[in-house]
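First up is the structure itself, then whatever we jot down about it.
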Amino acid sequence: MNRGEMESVDAKDCLFCRVIKRELESQVVYEDDLAVAFQDINPQAPVHLLVVPRKHIPSLAVTEEADEALLGHVFMVARKLAERENLNKNGYRVVLNTGSYAGQTVFHIHVHLLGGRSFHWPPG
C-alpha cells in the first residue's frame, strides 16, 4: 500500500477505530484520552497487546510533526503495560510495522507489545 492508499483508509471502515468505539468486542486492558490497548486476537507470545492511538493515523509513513507527542505517549503506554505484565525482568519486544511489506495488516498505526517468551533476531 503506497502513501496515497494509506491516506485514503477511512476511519469509519477501520477495524481499530471500531474497537476503540466499542463497535467490535475486544479485551481492552488499558485506555486513556489518547490511547487504547487490547489483547491481540492472534497472539504470537504469552503476552501480546496492541497499543493504538484513538486518533486514526493509517501508518507511521503518514505521521506529521503534530503527532510526535501522541506517538511518544503510545510508546510510554507500552512501557507501562510491560511493567504491569512483569515483562521487565526478562525483556520484551515492541514492534511497529509500516506498510504491507513490513507486515502491517490493519492501517491504523499501532504497536505490538510482546513478551513472556524468548525472541530471536532477525525476527523474520
Side-chain angles (χ1 to χ4, degrees):
M1 187 173 264
N2 65 38
R3 182 179 175 94
E5 290 170 318
M6 283 187 269
E7 290 173 340
S8 70
V9 174
D10 194 339
K12 71 176 172 53
D13 297 322
C14 172
L15 178 69
F16 289 168
C17 287
R18 294 183 66 208
V19 168
I20 291 165
K21 292 187 252 179
R22 301 295 201 272
E23 294 174 1
L24 294 176
E25 191 173 322
S26 64
Q27 293 181 329
V28 173
V29 298
Y30 175 89
E31 65 182 311
D32 62 27
D33 291 345
L34 299 175
V36 176
F38 50 92
Q39 302 273 345
D40 191 292
I41 62 169
N42 185 26
Q44 302 299 305
V47 175
H48 188 170
L49 304 176
L50 303 176
V51 184
V52 181
R54 289 183 182 274
K55 178 183 177 184
H56 179 77
I57 304 170
S59 167
L60 184 63
V62 296
T63 56
E64 301 172 351
E65 286 192 33
D67 297 318
E68 183 175 1
L70 177 59
L71 296 174
H73 180 74
V74 166
F75 278 93
M76 291 304 295
V77 169
R79 183 199 58 81
K80 290 174 189 175
L81 290 171
E83 187 174 287
R84 188 173 84 187
E85 294 289 332
N86 298 312
L87 300 177
N88 288 337
K89 178 181 176 188
N90 293 319
Y92 54 92
R93 182 170 282 172
V94 177
V95 177
L96 192 156
N97 298 317
T98 303
S100 56
Y101 270 30
Q104 185 178 4
T105 57
V106 177
F107 287 87
H108 182 126
I109 199 169
H110 57 286
V111 298
H112 296 258
L113 171 63
L114 300 119
R117 71 171 174 85
S118 179
F119 295 97
H120 304 283
W121 195 262

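Pairs engaging residues 65-97 under the ring-ring contact (aromatic ring centres under 6.0 Å, His included) rule: none recorded [sequence neighbours left out]. Applying the salt bridge (Lys or Arg N to Asp or Glu O under 4.0 Å) test to residues at least two apart or on different chains, none of the pairs has a partner in residues 89-117.
Here the shortest heavy-atom pairing between Gly115 and Ala45 reads O-CB, 3.5 Å. Looking at every heavy atom in both residues, Gly99 comes nearest to Ser59 through N-OG, 4.3 Å.
Under the 4.5 angstrom side-chain criterion for Ile, Leu, Val, Met, Phe, Trp and Tyr, the cluster partners of Phe119 are Val95, Leu114.
Summarising the geometry, atom NE2 belonging to His112 is positioned 5.0 Å from atom CG belonging to Asn97; distances are rounded to the nearest 0.5 Å.
Residues satisfying the side-chain hydrogen bond (donor to acceptor under 3.5 Å, both in side chains) criterion with Asp67, sequence neighbours excluded, are Lys55.
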Listing, residues 14-25 side-chain donor-acceptor contacts under 3.5 Å, not counting sequence neighbours, or none:
| unit_1 | atom_1 | unit_2 | atom_2 | d |
| --- | --- | --- | --- | --- |
| Arg18 | NE | Glu23 | OE1 | 3.4 |
| Arg22 | NH2 | Glu31 | OE2 | 2.6 |

With a 3.5 Å cut-off and sequence neighbours excluded, list the donor-acceptor pairs that the side chains of residues 34-44 form with protein atoms.
| unit_1 | atom_1 | unit_2 | atom_2 | d |
| --- | --- | --- | --- | --- |
| Asp40 | OD1 | Asn42 | N | 2.6 |
| Asp40 | OD2 | His48 | NE2 | 3.3 |
| Gln44 | NE2 | Asn42 | O | 2.9 |

Kindly list each side-chain donor-acceptor pair under 3.5 angstrom involving residues 76-84, sequence neighbours excluded, with atom names and distances?
| unit_1 | atom_1 | unit_2 | atom_2 | d |
| --- | --- | --- | --- | --- |
| Arg79 | NH1 | Glu83 | OE1 | 3.4 |
| Arg84 | NH1 | Val29 | O | 3.2 |
| Arg84 | NH2 | Val29 | O | 2.9 |

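Test Leu71, Val111, Leu70 against Pro53 for side-chain contact (heavy atoms from CB on, under 4.5 Å) and you get one pass: Leu70.
At least one donor-acceptor pair under 3.5 Å links the side chain of Gln104 to the backbone N or O of Pro58.
Both Tyr30 and Ile109 belong to a single network of hydrophobic side chains, linked directly or stepwise wherever heavy atoms of I, L, V, M, F, W or Y lie under 4.5 Å apart. Cluster annotation: Leu60 is not connected to Leu50 through the hydrophobic network of ILVMFWY side chains, with a link wherever side-chain heavy atoms come within less than 4.5 Å.
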